[in-house]
Amino acid sequence: MSQAAQPTPEFSSFVEEMKWRGFFEQCTDEENLTQLMADETVTAYIGFDPTADSLHVGSLVPIMGLVHLQAYGHKPIAIVGGATAMVGDPSGKTELRKMATLETIEENLAGVKAQLSHFIRFGDGPSDGLMLNNADWLRQWGYIDFLRDVGRHFSVNQMLTRDSVKSRLETGLSFIEFNYMILQAYDFMVLNRDYGCRLQMGGNDQWGNICSGIDLSRRVNRNEVYGLTYPLIMTASGEKMGKTAAGAVWLDAQRTSPYDFFQYWINVDDRDVSRFLRLYTRLPKAEIEQLEALTGADIRDAKKALARAVTTTVHGAEATADAEKAAAALFSGNTDASTVPSSERPAADFAAPGLGLLDALVAAGLQKSKGEARRMIRQGAVRVAGEVVKDESRALTAADFDEGRIVLQVGKKRHHHILVIP
RNA sequence: GGGGGGGUUCCCGAGUGGCCAAAGGGAACAGACUGUAAAUCUGUCGUCUACGACUUCGGAGGUUCGAAUCCUCCCCCCCCCA
């Protein structure tokens with residue numbers, strides 16, 4: 001759970017640590033920001049999009065950004081874009097995003113906040129985090145009033161020069177998306193005015209939006225505020241973070257089990273380990289450098305440290321231990337299979353003709369369809385109790401019980417145990 | 001409002017009456033090799049009651065023995081003109 005992270009004395013400043021950890025892409029005024037953060041408690045914010053009721057690993061970088069910030073005694077604000085999610089940010093997208101409805105956004109907000117509280121200490125203290133919904137200050141506006149009070153500060157000429165807009169000029173973007181920048185700038189201005197927020201962080205695709213907010217704060221509030229962006233994180237193979245065959249890797253245990261979550265980190269590309277240790281864990285610099293020095297098969301130890309650290313933050317120590325234990329049982333010959341992913345099934349299902357293996361594989365979530373399951377069998381990828389199955393019409397019967405469970409495996413990495421209950 | 005181009009299986013992108021479940025590439029998955037990595041080679045990659053059947057090519061109709069391919073209407077996107 002969220003322990004208020006402690007300051008790390010290994011770095012001279014927040015910005016230094018961000019640089020070392022790979023969060024630093026560009027900053028509007030590094031020198032003055034560093035000075036400001038040395039002198040006083042700075043309130044900073046990052047926006048999250050409540051497009052689902054759970055965050056996924058793609059959001060871990062911004063989350064960790066806030067975590068580090070709080071560790072240095074500053075005050076993090078997480079904005080959930082209730083209003084802006086209804087619009088859709090064009091940055092980095094190639095086409096119009098589906099617009100979420102009010103109700104789903106409300107639901108998603110709650111889920112996201114619960115997850116963030118695993119990372120950030122919320123509360124009323126000076127460096128306690130805040131969670132705000134920009135719908136609270138955006139929704140009340142009427143169009144004419146907003147145009148007159150806010151819109152007049154924006155130059156279309158300048159907006160057109162922002163990369164986020166420029167890149168979309170080719171493929172086209174709707175007016176509603178074009179306005180996203182204005183809304184985000186307005187968020188920053190309001191946070192600056194009402195919460196004393198001085199810094200906005202975000203992915204580098206947010207640079208233009210952040211700069212717009214800085215301009216607006218200067219004009220309206222006459223305050224100097226700052227922006228800092230982190231790089232957009234891709235895996236070594238050029239994929240977005242958190243994509244697997246099964247879909248996104250979620251922080252919600254219901255959507256992605258702690259076991260699968262743990263395995264995701266174990267299976268990262270060698271080339272990503274160092275970068276990910278820095279970005280996604282709060283392990284001390286010295287320890288990370290030690291892990292980075294590992295070569296060959298020993299890199300797995302670094303991956304374990306990575307998986308352990310991230311899973312512990314997201315799912316807690318107990319779930320992490322279980323996941324690790326299951327992994328040991330499946331991959332390292334440990335005999336304790338009690339935490340291996342499993343499902344229950346009454347013994348009666350295996351009577352007489354037995355339960356079709358194809359159906360069992362699909363039911364266990366190891367395969368998406370029976371056709372796919374059939375192909376896997378043809379390719380010799382399916383094992384029951386460690387034995388390769390070649391017969392597509394194979395049925396599971398009582399003969400397959402082994403101490404009350406049936407051990408299924410597809411490929412090398414996908415395992416599932418059916419627990420037989422009376 | 002006028003003119004032009006376009007919407008294809010996860011993505012990109014061929015196909016313009018049967019030889020199309022639909023080329024090619026990417027991603028992904030599996031096998032071999034390995035370190036639960038990468039690279040490489042091989043295979044797979046719509047669903048099913050599976051040597052056959054069924055459903056797909058923006059949506060709805062129609063022509064035809066037969067359509068992703070032709071016609072009609074509708075929706076959406078891009079470009080040029082007004």
Side-chain angles (χ1 to χ4, degrees), chain A residues 88 90 92-99 167-178 234-249 257 259-277 291-292 294-308 310-311 323-334 337 339-341 353 355-359 361-363 365-383 386-395 408-416:
Chain A
K93 310 267 179 355
T94 49
E95 48 193 61
L96 182 63
R97 187 171 63 187
K98 286 193 196 76
M99 287 181 256
S167 63
R168 285 293 301 277
L169 253 27
E170 292 283 313
T171 52
L173 81 169
S174 68
F175 185 66
I176 194 172
E177 292 176 291
F178 184 59
M234 305 289 260
T235 63
S237 51
E239 284 291 297
K240 273 191 196 162
M241 278 300 294
K243 277 189 65 184
T244 66
V249 179
S257 71
Y259 170 77
D260 286 330
F261 188 85
F262 186 87
Q263 287 299 118
Y264 174 76
W265 297 100
I266 288 290
N267 283 309
V268 297
D269 195 307
D270 279 11
R271 293 168 289 177
D272 288 326
V273 179
S274 157
R275 214 155 43 99
F276 287 2
L277 278 166
L291 293 167
E292 287 170 342
L294 297 171
T295 55
D298 290 337
I299 292 175
R300 281 183 306 165
D301 290 335
K303 291 182 185 178
K304 266 185 207 162
L306 172 66
R308 209 177 283 140
V310 183
T311 311
E324 200 169 352
K325 197 162 75 175
L330 297 172
F331 299 105
S332 308
N334 188 315
T339 58
V340 170
L355 177 66
L357 178 57
L358 297 175
D359 291 306
L361 290 171
V362 174
L366 289 172
Q367 292 298 308
K368 286 200 202 83
S369 71
K370 291 168 74 171
E372 197 172 307
R374 209 180 290 265
R375 274 179 236 128
M376 288 301 110
I377 289 178
R378 277 188 209 139
Q379 299 185 63
V382 176
R383 288 161 193 267
E387 293 292 315
V388 174
V389 175
K390 278 292 181 188
D391 177 11
E392 293 170 24
S393 59
R394 172 80 146 80
L408 299 178
Q409 180 179 356
V410 176
K412 291 187 198 94
K413 293 179 196 163
R414 282 177 283 174
H415 299 263
H416 188 92

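So that the names make sense, note that chain A is the first sequence line, chain B the second, and so on, each numbered from 1.
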Next on the checklist: Suppose we define a pair by two distances each less than 3.5 Å, Watson-Crick or G-U wobble; what does B/rC20 pair with here?
Outcome noted: none
Next on the checklist: Tell me which nucleotide, if any, is Watson-Crick or G-U wobble paired with B/rC33 when both distances must be under 3.5 Å.
Outcome noted: none
Checklist entry - How long is the line joining CZ of A/Phe276 and P of B/rA38, in whole Å? => result 13 Å
Next on the checklist: Suppose you measure atom P in B/rC33 against the same atom in B/rA27; what distance do you get, rounded to whole Å?
Outcome noted: 23 Å
Checklist entry - With rounding to whole Å, what would you report as the distance between B/rU69 and B/rG58 at their P atoms? => result 8 Å
Item to check | Integer angstrom distance from the C1' of B/rG62 to that of B/rU49 | outcome: 34 Å
Item to check | Exam field: side chain A/Arg414 to backbone A/Leu366, donor-acceptor pair closer than 3.5 Å | outcome: yes
Next on the checklist: Whole angstroms only, please: what is the CZ-C1' distance between A/Arg378 and B/rC29?
Outcome noted: 15 Å
Item to check | C1'-based separation of B/rA68 from B/rA23 [nearest Å] | outcome: 14 Å
Checklist entry - Hey, does A/Gly371 reach any base, or is it just sugar-phosphate, or nothing, if we go heavy atoms under 4.0 Å? => result base
Checklist entry - Which one, B/rA30, B/rU36, B/rA37, comes nearest to the side chain of A/Gln263? => result B/rU36
Next on the checklist: Which nucleotide, if any, forms a Watson-Crick or G-U wobble pair with B/rG1, using both distances under 3.5 Å?
Outcome noted: B/rC81
Item to check | Worked check of side-chain contact (heavy atoms from CB on, under 4.5 Å) between A/Asp391 and A/Leu357 | outcome: CA-CA 9 Å; A/Asp391 177 11; A/Leu357 178 57; over 6 Å; no
Item to check | Residue pair A/Ser369 / A/Val362: nearest heavy atoms and the distance that separates them | outcome: C-CG2, 3.5 Å
Next on the checklist: Using a heavy-atom cut-off of 4.0 Å across all strands, would you classify A/Glu372 as base, sugar-phosphate, or nothing?
Outcome noted: nothing
Next on the checklist: Rounding to an integer number of angstrom, what distance separates B/rC10 and B/rC29 when you compare their C1' atoms?
Outcome noted: 13 Å
Checklist entry - When you match A/Met376 and A/Leu358 each to their closest nucleotide on RNA chain B, which lands nearer the 5' end? => result A/Met376
Checklist outcome for this item: Under a 3.5 Å limit on both distances, the Watson-Crick or wobble mate of B/rU44 is B/rA28
Checklist entry - What integer distance in Å separates A/Asp359:CG from B/rU49:C1'? => result 11 Å
Checklist entry - Roughly how many Å is it from CZ in A/Phe331 to C1' in B/rU36, rounded to a whole number? => result 5 Å
Next on the checklist: Between the base of B/rG35 and the side chain of A/Asp298, is there a donor and acceptor pair under 3.5 angstrom?
Outcome noted: no
Checklist entry - Quantified in whole Å, what is the C1' atom distance between nucleotide B/rG18 and nucleotide B/rU63? => result 16 Å
Checklist entry - Think A/Lys370 has a side-chain N or O under 4.0 angstrom from the OP1 or OP2 of B/rU49? => result yes
Next on the checklist: Taking only the P atom of each, what is the distance from B/rG4 to B/rU8 in whole angstrom?
Outcome noted: 22 Å
Next on the checklist: Rounded to whole Å, how long is the line connecting atom CZ of A/Arg300 with atom P of B/rU36?
Outcome noted: 5 Å
Next on the checklist: Would you measure the distance from the C1' atom in B/rU9 across to the matching atom in B/rG61 and give it in whole Å?
Outcome noted: 24 Å
Next on the checklist: Taking only side-chain N and O atoms of A/Ser369, does any of them lie within less than 4.0 angstrom of OP1 or OP2 on B/rC48?
Outcome noted: yes
Checklist outcome for this item: From NZ of A/Lys390 across to P of B/rG31 the rounded distance in Å is 10 Å
Item to check | Whether A/Lys303 side chain and A/Val268 backbone form a donor-acceptor pair below 3.5 Å | outcome: yes
Checklist entry - Contact class for A/Arg271 vs. all strands (heavy atom < 4.0 Å): base, sugar-phosphate, or nothing? => result sugar-phosphate
Checklist entry - For A/Pro353 and A/Ala395, which heavy atoms make the closest approach, and how far apart are they? => result O-CB, 3.3 Å
Checklist entry - Rounded to whole angstroms, how far apart are CD1 on A/Ile299 and P on B/rU34? => result 18 Å
Checklist entry - B/rA30 phosphate, OP1 or OP2: any side-chain N/O from A/Arg383 under 4.0 angstrom? => result no
Checklist entry - Quick one: does A/Glu392's side chain have a donor or acceptor within less than 3.5 Å of a partner on A/Arg394's backbone? => result no
Checklist entry - Distance check: side-chain N/O of A/Arg374 vs OP1/OP2 of B/rC29, anything under 4.0 Å? => result no
Next on the checklist: Using side-chain contact (heavy atoms from CB on, under 4.5 Å), reason through A/Gln263 and A/Lys413 one step at a time and then give a plain yes or no.
Outcome noted: CA-CA 9 Å; A/Gln263 287 299 118; A/Lys413 293 179 196 163; 5.8 Å; no
Checklist entry - Any side-chain N or O of A/Arg414 less than 4.0 Å from the OP1 or OP2 oxygen of B/rA30? => result yes
Item to check | Short side-chain N/O contact from A/Lys413 to OP1 or OP2 of B/rA37, under 4.0 Å | outcome: yes
Next on the checklist: What I want to check is whether an N or O donor and acceptor connect the side chain of A/Gln379 with the base of B/rG43 at under 3.5 Å.
Outcome noted: yes
Item to check | A/Lys412 NZ to B/rG31 C1', straight-line distance once rounded to whole Å | outcome: 7 Å
Checklist entry - Within the structure shown, what part of the strands sits under 4.0 Å from A/Asp269 by heavy-atom distance: base, sugar-phosphate, or nothing? => result sugar-phosphate
